[in-house]
Amino acid sequence: METYLEAKNTLPVVNNVDVLVAGGGPAGIGAAISSARSGAKTMLIEHFNCVGGIATSGLMSHWTGGSEGPIYEEILNRCQAQLWPDENADHNLWQHINHEKLKLVLFDMLEEAGVIIQLHTDAANVIMNGNRISGVITHSKSGREAIMAEVVIDCTGDGDVAALAGAEYVKGREEDGLMQPVTLMFKIDMVDYNRAIFPGSFETKVEVPRGEIQALGHRELPHPAGHVLLYQTMVSGQVMVNMTNLTGIDGTNVRDLTRAEIECHRQVPKIIAFLRQYAPGYENCRLLETAAMIGVRETRHFKGLYSLTAEDIVEARLFPDWIATRNQFNFDIHNVKGPGLDANGAQAHFQSRGKYTIPYRCCIPEKIDGLLLAGRNISGSHKAHSSFRVMPICVNIGQGTGAAAAVAVRDGIVPRSVDPAKIQELLLSQGVKV
Ligand SMILES: Cc1cc2nc3c(=O)[nH]c(=O)nc-3n(C[C@H](O)[C@H](O)[C@H](O)COP(=O)(O)OP(=O)(O)OC[C@H]3O[C@@H](n4cnc5c(N)ncnc54)[C@H](O)[C@@H]3O)c2cc1C
């Protein structure tokens, strides 16, 4: 490949903080709030014009699973406490997301905690001191700037910062590197809630006048789309659609992302036409909006001091160095080659002994100091990742790493040297339960 040597620049150092959180998705929210509430001067940088990540910019339908955690529950409670016009107070929908309300709740929680928020900002490079990260170079409308930090928490989903810092990773599943498919979420309205069907999982089979809906989807929808996933919202008539699908995409490759956005946008009108034709209650549905970004399920799995396994989840292991507790979700592996779920039936056969914990070691990259991983990019197998990638668990992981970073700063040591017992003491005092 032809190359170009970029000229060296002198950059302004615009902030000097204890803890810098890169990425404001569920993990970044948990990390930033927890770090700031634990007393560290904390800054959050985010690419988009709002925080929430896939929960907001990705137009996600609902927080899934039965996880518990104080910051996660506070988010839900604060969203539930305000009923917006047109919303109904159906308690069955307590985990379903009103995206605009969630954005405001998250801004409030971050600001109340004292987090410095900077939107429209990309983490573009790292500032290293040997193997230790000491800051991040950002790219924004203000140009390239430097932010110095004692600890950086990578909550970018893809682990952009960790990759730039030289942390080791693999992509996708162990045997062939294939990653879960991507999906562009979208919202429709004009759905007749009195008659509408809401197949919430791939296994939900619904008989409709023309046949069974998943079979019809498999036959009629543009491949590799082909499954029907529809979710109620708190506004009657509006429905979240999780039905676009594209395989063979690497979410860390901008050309793949571009192809995925174009292809999935093209699937949207075909899916709407399918729903109007086959799904009762959807005869008059129309597009309200598509997500601001394609939803990427899986990319880099970093090499941490420990890699979470499927057995750890099934056995509900209580790790001595836990930093995230009471996590609950099954294995949600989508078919990496077509529509629907993984052929091995990891989800259908899922059984566990209870809620599981995540050890601190999964968040510490093996060879880089000053850096923590949080969210879907922590160290874990392809199968384990399919469970811990969901948003409530990402908030819990973020919360744990935020507390860990604050303890590291307070004690003047690098994160890997922090005694997990000190992090746990802090988390327990903040309402985390084992
Ligand atoms: C299609 C789809 C459906 C899903 N369904 C559900 C569901 O129903 N329920 C559920 O709980 N979970 C669901 N998930 C999983 C869940 O949404 C994600 O795994 C979760 O949001 C990951 O959280 P995160 O904080 O690690 O990353 P993200 O939510 O991806 O947040 C990362 C944030 O970092 C920002 N960012 C990225 N790179 C940079 C950078 N270089 N500089 C600055 N900012 C950056 C992004 O803009 C984003 O805001 C789904 C995921 C997908 C893709």
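Numbering starts at 1 and runs along the sequence shown. Order of listing sets the numbers, starting from 1, for every ligand and every atom in it.
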Self-check item: Selection from I29, T156, L373, T64 by shortest heavy-atom distance to atom 36 (N) of ligand 1
Solution: T156
Exercise. Please could you name the atoms of ligand 1 that G375 approaches to less than 4.0 Å, counting only its heavy atoms?
Key: 26 (O)
Quiz item: Looking at atom 41 (N) of ligand 1, what's its closest protein heavy atom, distance included?
Solution: D160 OD2, 3.0 Å
Quiz prompt | Sub-3.5 Å N/O-N/O distance, M60 and ligand 1 | solution = no
Exercise. Have a look at H120, M185, R297, M391 and point out the one with the heavy atom closest to atom 1 (C) of ligand 1.
Key: R297
Quiz item: Are L59 and M240 side-chain neighbours, meaning at least one heavy-atom pair lies under 4.5 Å?
Solution: yes
Quiz item: F48 heavy atoms, cut-off 4.0 Å: which ligand 1 atoms fall inside?
Solution: 47 (O)
Show me the side-chain donor-acceptor pairs of residues 262-270 shorter than 3.5 Å, one per line, residues at least two apart or across chains.
from: H265; atom 1: ND1; to: E261; atom 2: O; distance (Å): 2.7
from: Q267; atom 1: OE1; to: N245; atom 2: N; distance (Å): 2.9
from: Q267; atom 1: NE2; to: N245; atom 2: O; distance (Å): 3.0

Quiz prompt | G295: numbered ligand 1 atoms lying under 4.0 Å from its heavy atoms | solution = 53 (C)
Quiz item: Quick one: does T121 get within less than 4.0 Å of ligand 1, heavy atoms only?
Solution: yes
Quiz item: Can you tell me if K337 uses its side chain to pair, donor with acceptor, with the backbone of P224 under 3.5 Å?
Solution: no
Exercise. Tell me which one of P26, C155, P181, G23 gets a heavy atom nearest to atom 32 (C) of ligand 1.
Key: C155
Exercise. Would you mind listing which atoms of ligand 1 come within a distance below 4.0 Å of any non-hydrogen atom of S61?
Key: 8 (O)
Quiz item: Looking only at distance, does R389 have an N or O less than 3.5 Å from an N or O of ligand 1?
Solution: yes
Quiz prompt | ligand 1 to E46 polar contact by distance, N or O atoms, under 3.5 Å | solution = yes
Quiz item: Which atoms of ligand 1 are found less than 4.0 Å from any heavy atom of G25?
Solution: 25 (O), 31 (O), 33 (C), 49 (O)
Self-check item: Under 3.5 Å donor-acceptor, S35 side chain and V19 backbone
Solution: no
Exercise. Below 4.0 angstrom from a heavy atom of V296, which ligand 1 atoms are there? Numbered from 1 as shown, please.
Key: 53 (C)
Quiz item: Under 3.5 Å, side chain of E298 to main-chain N/O of S386, donor-acceptor pair present?
Solution: no
Practice problem: Would you indicate whether H139, at its atom NE2, is surrounded by more than 12 heavy atoms from other residues, nucleotides or ligands within a distance under 6.0 Å? | Solution: no
Quiz prompt | ligand 1 atoms in contact with A123 (distance to a heavy atom under 4.0 Å) | solution = 40 (C), 41 (N), 42 (N), 43 (C)
Exercise. Give yes if a backbone or side-chain nitrogen or oxygen of R376 is under 3.5 Å from a nitrogen or oxygen of ligand 1, and no if not.
Key: yes
Practice problem: With heavy atoms of C394 as the reference, note each atom of ligand 1 found under 4.0 Å away. | Solution: 22 (C), 23 (O)
Quiz item: In terms of side-chain heavy atoms, does T183 have a donor or acceptor partner in R297 at a distance below 3.5 Å?
Solution: yes
Quiz item: Considering only protein heavy atoms, which is closest to atom 25 (O) of ligand 1, and at what distance to one decimal place?
Solution: A27 N, 3.0 Å
Quiz item: Does any N or O in the side chain of Q214 come within less than 3.5 Å of the main-chain N or O of V228, such that one atom is a donor and the other an acceptor?
Solution: yes
Practice problem: Would you sort out whether D158 and T156 count as a side chain to side chain donor-acceptor pair (under 3.5 Å), showing the intermediate values? | Solution: CA-CA 5 Å; D158 299 313; T156 60; 6.0 Å; no
Quiz prompt | Any residue meeting salt bridge (charged side-chain N to carboxylate O under 4.0 Å, His left out) with E315, in chain and number order, not counting sequence neighbours | solution = R353
